[in-house]
There are 2 protein chains.
Amino acid sequence: MRLSARSEYGLLALVDLTTAPGGSPVAAREIAERRGIPPAFLEQLLADLRRAGIVRSTRGAHGGFALARGASAITALEIVEALEGPIVPSVCMPNECDREGGCAAATVWTDVAGAVRDALGGFTLARLAEDQSRLDRAPLTCTPRRNT
Amino acid sequence: MRLSARSEYGLLALVDLTTAPGGSPVAAREIAERRGIPPAFLEQLLADLRRAGIVRSTRGAHGGFALARGASAITALEIVEALEGPIVPSVCMPNECDREGGCAAATVWTDVAGAVRDALGGFTLARLAEDQSRLDRAPLTCTPRRNT
DNA sequence: TACCATTCTGACCCATGTTGTCAGGTATCA
DNA sequence: TGATACCTGACAACATGGGTCAGAATGGTA
């Protein structure tokens with residue numbers, strides 16, 4: 001029962017973008033270095049976030065990424081779903097279960113999915129960036145599971 | 001963001017045990033056949049559930065498994081945690097994050113974990129069994145992701 | 001126009017986890 | 001004593017996740 005590192009990296013990168021001054025784009029490599037994220041991997045994530053309309057990109061020299069909307073209009077739910085697909089805690093969901101009426105387990109998974117969506121939807125990127133800057137002045141280096 | 005088939009199978013098997021008459025033990029193979037669960041795999045799950053104190057087993061002829069407690073005293077949370085380990089949605093949880101104060105992402109994962117635990121804790125095995133018998137009279141055959 | 005910075009895309013690799021299977025051991029009852 | 005059924009550990013096949021790499025496309029800048 002866990003989210004992948006994609007969500008972790010994505011949230012960190014977007015918090016980074018939120019604190020970037022003005023609307024000037026930030027290069028992926030710059031974010032990657034600051035946050036300790038593998039650069040090539042981060043590019044993939046940013047591409048997904050762009051396709052989801054969360055981020056906009058400008059190519060060429062002095063290009064990079066910037067938020068497509070205000071940070072208070074972006075929720076953690078959007079980010080996670082953009083990076084991991086829809087929140088579906090099990091294979092046997094109501095409409096995919098072999099049984100017509102669904103089985104009792106399906107109602108459990110539906111409730112869990114709703115709870116997760118509610119929890120994630122309660123966080124805006126603006127709040128996260130605020131929390132972050134309150135947590136520390138030093139550069140953020142939350143580096144989960146780096147293989148040495 | 002999903003639970004594995006272990007939880008699915010475990011819930012189905014325990015619902016099956018709940019509706020078993022009296023306290024007489026039910027053989028694992030019997031449950032497996034009725035629910036369409038691979039027998040040897042189910043044995044592993046039942047062993048985990050026994051170690052978690054959710055189920056008690058009696059060996060030998062006419063042996064089998066039965067609930068260790070009343071069905072209203074067993075929650076879906078217990079079952080899922082027994083089969084999949086603790087609900088930890090990400091690697092970077094408060095106490096495991098490299099940063100001392102934790103990063104902003106950690107608070108998100110903590111909230112999500114709490115929401116999932118609450119949702120799962122809201123379901124008792126008794127309610128699930130009741131839901132199930134209300135859903136159908138026919139034998140339950142919720143068979144997720146059978147290969148062919 | 002030529003060059004460079006940067007995004008973009010797809011293919012690929014490796015480690016790990018999931019979903020089982022199998023063989024044999026052990027306890028209990030008839 | 002034999003049949004039944006749990007118990008345990010090893011193992012195999014497959015899917016997924018995490019990450020790398022090469023190269024193409026695009027747009028600023030000199």
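By convention in this document, chain letters (A, B, ...) are assigned in the order of the sequence lines, proteins followed by strands, and residues within each chain are numbered from 1.
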For this session: For B:Thr58 and for B:Glu84, find the nucleotide of DNA chain C with the closest heavy atom, then tell me which residue's nucleotide is more 5'.
Result: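 By nearest-heavy-atom nucleotide position, the 5'-most residue is B:Glu84.
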[N] [atom2] sits how many Å from [X] [atom1], rounded?
| X | N | atom1 | atom2 | value |
| --- | --- | --- | --- | --- |
| A:Asp48 | D:dG17 | CG | C1' | 14 Å |
| A:Leu45 | C:dT7 | CG | C1' | 14 Å |
| B:Arg6 | C:dT19 | CZ | P | 8 Å |
| B:Leu46 | D:dA5 | CG | C1' | 12 Å |
| B:Ile37 | C:dT19 | CD1 | P | 12 Å |
| A:Glu30 | C:dA5 | CD | P | 15 Å |
| A:Leu42 | C:dT6 | CG | C1' | 13 Å |
| B:Phe41 | D:dA13 | CZ | P | 17 Å |

Exercise. Relative to the 5' end of DNA chain D, which residue comes earlier, B:Ala28 or A:Gly60, by the nucleotide with the nearest heavy atom?
Worked result: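 The residue mapped nearer the 5' terminus is B:Ala28.
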What's the closest nucleotide to the side chain of [X] if the choices are [options]?
| X | options | result |
| --- | --- | --- |
| B:Phe65 | C:dC29, D:dC6, D:dG27 | D:dC6 |
| A:Gln44 | C:dC29, C:dG10, C:dT6 | C:dG10 |
| B:Glu43 | C:dT9, C:dG20, D:dC7 | D:dC7 |
| B:Arg59 | C:dT26, C:dG20, D:dG28 | C:dT26 |

Using a cut-off of strictly less than 4.0 Å, decide whether [X] has a side-chain nitrogen or oxygen near OP1 or OP2 of [N].
| X | N | answer |
| --- | --- | --- |
| A:Tyr9 | D:dG19 | yes |
| A:Ser4 | D:dG18 | yes |
| A:Arg50 | C:dT9 | yes |
| A:His62 | D:dT29 | yes |
| A:Ser57 | C:dC8 | yes |

Exercise. Are any of the side-chain heavy atoms of B:Leu14 and B:Leu128 separated by less than 4.5 Å?
Worked result: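 The answer is no, as the side chains (C-beta and beyond) never meet within the 4.5 Å cut-off.
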So, does [X] use its side chain to make a donor-acceptor pair with the main chain of [Y] at under 3.5 Å?
| X | Y | answer |
| --- | --- | --- |
| B:Glu43 | B:Ala40 | no |
| B:Glu84 | B:Ser4 | yes |
| B:Arg35 | B:Ala13 | no |
| B:Gln44 | B:Phe41 | no |

Give [X] one of three labels, base, sugar-phosphate or nothing, depending on what nucleic acid heavy atoms sit under 4.0 Å from its own.
| X | value |
| --- | --- |
| B:Ala40 | base |
| B:Arg51 | sugar-phosphate |
| A:Ala27 | sugar-phosphate |

For this session: Please indicate whether A:Arg29 has more than 12 foreign heavy atoms, meaning atoms of other residues, nucleotides or ligands, lying under 6.0 Å from its CZ.
Result: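 No, CZ of A:Arg29 has 12 or fewer neighbouring heavy atoms, counting only those of other groups under 6.0 Å.
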